[in-house]
Trainee: 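Before anything else, here's the structure in question.
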Amino acid sequence: MSFQVLGLDAKILRAVSEAGYTEPTPIQSAAIPPIVAGHDLIGIAQTGTGKTAAFTLPILTRLAALPPNPRRCTKVLVIAPTRELVVQIDENIKAYAKHLPLTVATVFGGVGEQPQIRALRSGTDVVVACPGRLLDLMGQRAADFSQLKFLVLDEADRMLDMGFLPSIRKIVQALPKVRQTLMFSATLSKEIEQLTHEFQRAPKIVQIGRRANPAETVTQFVYEVPKHLKPALLQHLLQDPKMEMVLVFSRMKHAADRVARQLEQKGIRCATLHSNRSQNQRLKALKDFKSGAVRVLVATDIAARGIDVDGISHVVNYDFPMHVEDYIHRIGRTGRANQIGDAISFVTNEDHGELRALERFIGRGIVRKKAEGFNYAAAVPPYNPAEEGRHFSQPRQQGRPQRSGQSSRPGQPRPQSHGGDSRQEHSGRRRWGR
Ligand code: AMP
């Protein structure tokens, strides 16, 4: 199928072709015509399927057909869970609208309010926002949504998981009732169905792929590895030049920093992405990763939500994820829009239960691999007091000093090692059942 048959405006078709897209992805073929026809829509699609263009292209087409908007009253509001996703949607909208006279403003926390307030007050056709900051600015009467025509809730399931429902309800209550509302979610849960009843009118449902199954284009492997050998295994795997653009996931912020430090020590250029880093540091990390200035990006789940980087060759689950949604989301960062990608998971003895639960969930086994040429019998690294509290689950070495009051049970983190910035970034979701 070609983009020409979907009913899109000519200027948008031009931008799409300049973006190098030759044919629509399945979610685009299915969602664009009903949105162009003015229907509400609920799109169930995994990340990486091209869903941003699936809602942006038809909305822009409908905007282009409206009378001119000299006062720049806001016509479109897109709400998304994270700053990174907001920035990406903004970039996408600007690329697809490059031949239209439209302005786009972004709203998210962690940076000063004033520029955002000024942008909203001076009038902007499209606003892309995180719910929390948007609600704050609406409270300050910075936004005027009285002429709003289109509302998009992107990654609605994740916004529910992150506890944004009360904010979203307040925002939606303040919007005009007559509008076109689009909602995108990786899964169709009861909660999402409830939201469609609240916010939408007779929505069309478009569901791509099986429910919450990993992207078909991603090849998945498991490497069983003792915990203390994870750094060495990662360094060993990275000797393969095919691992050219690698996203590594860790559960904890401090672990992300440690993994990056260890790789840098081996001469592998890395950046980190987690919520202890400032907004500017996070944007720079993403920019360096996208441009190839760094080969490896080490990230935690929440910070990585919505990462949209083309060409990620490998995702490495350095720490096995705690939730099936995180696994699906993580591996969806590679193999985007039908490119090929590999997802590698390090699995320790402690992770076998989670691995089995995941395999049950996705309905198939994941191939176990052994790293060729890797010395699995390698000795535990020499004890380094500076690293105290970091190798908590490695087998105890003979003669290794044991600090009083610290547990030596393998696999059991010592409570002292988990404070402050070492806490896991909590997503508010249940762990997967066994
Ligand atoms: P998304 O699921 O919206 O995050 O999109 C995933 C990636 O696919 C983005 O990097 C887009 O630039 C890219 N993309 C979207 N639509 C197409 C298309 N029709 N052909 C090729 N790439 C696309």
Side-chain angles (χ1 to χ4, degrees), residues 19-22 25 46-50 84 87-88 91-92 95 214-223 225 229-250 255-274 277 281-301 303-321 326-347 366-367 369-374:
Y21 304 166
T22 48
T25 63
Q46 285 156 30
T47 187
T49 52
E84 283 76 13
V87 170
Q88 272 166 205
E91 284 169 0
N92 281 353
E216 299 295 334
T217 48
V218 178
T219 314
Q220 302 165 61
F221 300 109
V222 158
Y223 285 91
V225 60
L229 288 182
K230 282 189 196 183
L233 180 59
L234 181 60
Q235 288 155 23
H236 177 84
L237 294 175
L238 283 169
Q239 287 170 11
D240 182 351
K242 284 201 219 90
M243 295 188 74
E244 44 190 30
M245 199 174 187
V246 184
L247 180 58
V248 175
F249 282 96
S250 79
D257 286 334
R258 191 176 68 246
V259 171
R261 219 171 30 240
Q262 288 164 337
L263 292 178
E264 288 276 353
Q265 278 165 5
K266 296 282 167 189
I268 298 166
R269 300 220 50 200
C270 314
T272 54
L273 195 68
H274 58 68
R277 311 215 73 205
Q281 287 172 324
R282 288 157 70 168
L283 291 176
K284 175 161 188 328
L286 264 183
K287 190 165 150 255
D288 287 350
F289 187 52
K290 280 183 188 178
S291 72
V294 299
R295 178 179 167 208
V296 179
L297 180 66
V298 190
T300 55
D301 289 291
R305 188 72 194 165
I307 286 183
D308 172 20
V309 181
D310 283 340
I312 293 179
S313 61
H314 293 75
V315 165
V316 177
N317 292 316
Y318 185 87
D319 293 321
F320 202 73
D326 288 332
Y327 182 86
I328 306 291
H329 174 259
R330 287 176 177 194
I331 75 162
R333 304 295 95 196
T334 182
R336 290 169 84 69
N338 299 328
Q339 290 171 8
I340 302 295
D342 282 2
I344 291 170
S345 298
F346 289 180
V347 170
I366 301 177
V367 176
K369 261 194 159 183
K370 279 230 168 251
E372 260 176 56
F374 180 66

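Below, all heavy atoms of this structure are taken into account, side chains as well, without hydrogens, waters or symmetry copies.
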Trainee: Look at the aromatic rings of Phe320 and Tyr327 and report parallel, tilted or perpendicular, splitting at 30° and 60°.
Mentor: tilted
Trainee: Any side-chain heavy atom of Phe289 sitting closer than 4.5 Å to one from Ile312?
Mentor: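 Yes; the side chains approach each other to less than 4.5 Å.
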Trainee: After noting the C-alpha distance and the side-chain angles of Val248 and Leu297, does the key distance pass the side chain to side chain contact (heavy atoms under 4.5 Å, CB included) rule?
Mentor: CA-CA 6 Å; Val248 175; Leu297 180 66; over 6 Å; no
Trainee: Taking the basic N atoms (NZ, or NE/NH1/NH2) and the acidic carboxylate oxygens, is any pair closer than 4.0 Å for Asp288 and Lys284?
Mentor: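 Here Asp288 pairs with Lys284 in a salt bridge, since their nearest N and O are under 4.0 Å apart.
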Trainee: Does the distance from a Lys or Arg side-chain N to an Asp or Glu carboxylate O, for Arg295 and Glu244, drop under 4.0 Å?
Mentor: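 Judged by the 4.0 Å cut-off on N to carboxylate O distance, Arg295 and Glu244 do not form a salt bridge.
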Trainee: Does the structure place the NZ or CZ of Lys369 under 6.0 Å from the centre of the six-membered ring of Phe221, at an angle of no more than 45° from the ring's axis?
Mentor: yes
Trainee: If we check side chain to side chain contact (heavy atoms under 4.5 Å, CB included) with His314, which of these qualifies: Val296, Leu247, Val246?
Mentor: Val246
Trainee: Between Lys230 and Asp319, does any side-chain N to carboxylate O distance fall below 4.0 Å?
Mentor: yes
Trainee: For the pair Tyr223 and Phe346, name the ring-plane relationship: parallel under 30°, tilted 30 to 60°, perpendicular over 60°.
Mentor: perpendicular
Trainee: Could you tell me whether the side chain of Pro231 reaches within less than 4.5 Å of the side chain of Tyr318, counting heavy atoms only?
Mentor: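 Yes, close enough: below the 4.5 Å cut-off.
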Trainee: Applying side chain to side chain contact (heavy atoms under 4.5 Å, CB included), run through Val316 and Leu234 and close with a yes or a no.
Mentor: CA-CA 9 Å; Val316 177; Leu234 181 60; 4.1 Å; yes
Trainee: Quick one: does Gln235's side chain get under 4.5 Å of Leu263's, heavy atoms only?
Mentor: yes
Trainee: For Glu84 and Leu286, what are the C-alpha separation, side-chain angles and deciding distance, and is it a side chain to side chain contact (heavy atoms under 4.5 Å, CB included)?
Mentor: CA-CA 9 Å; Glu84 283 76 13; Leu286 264 183; 3.9 Å; yes
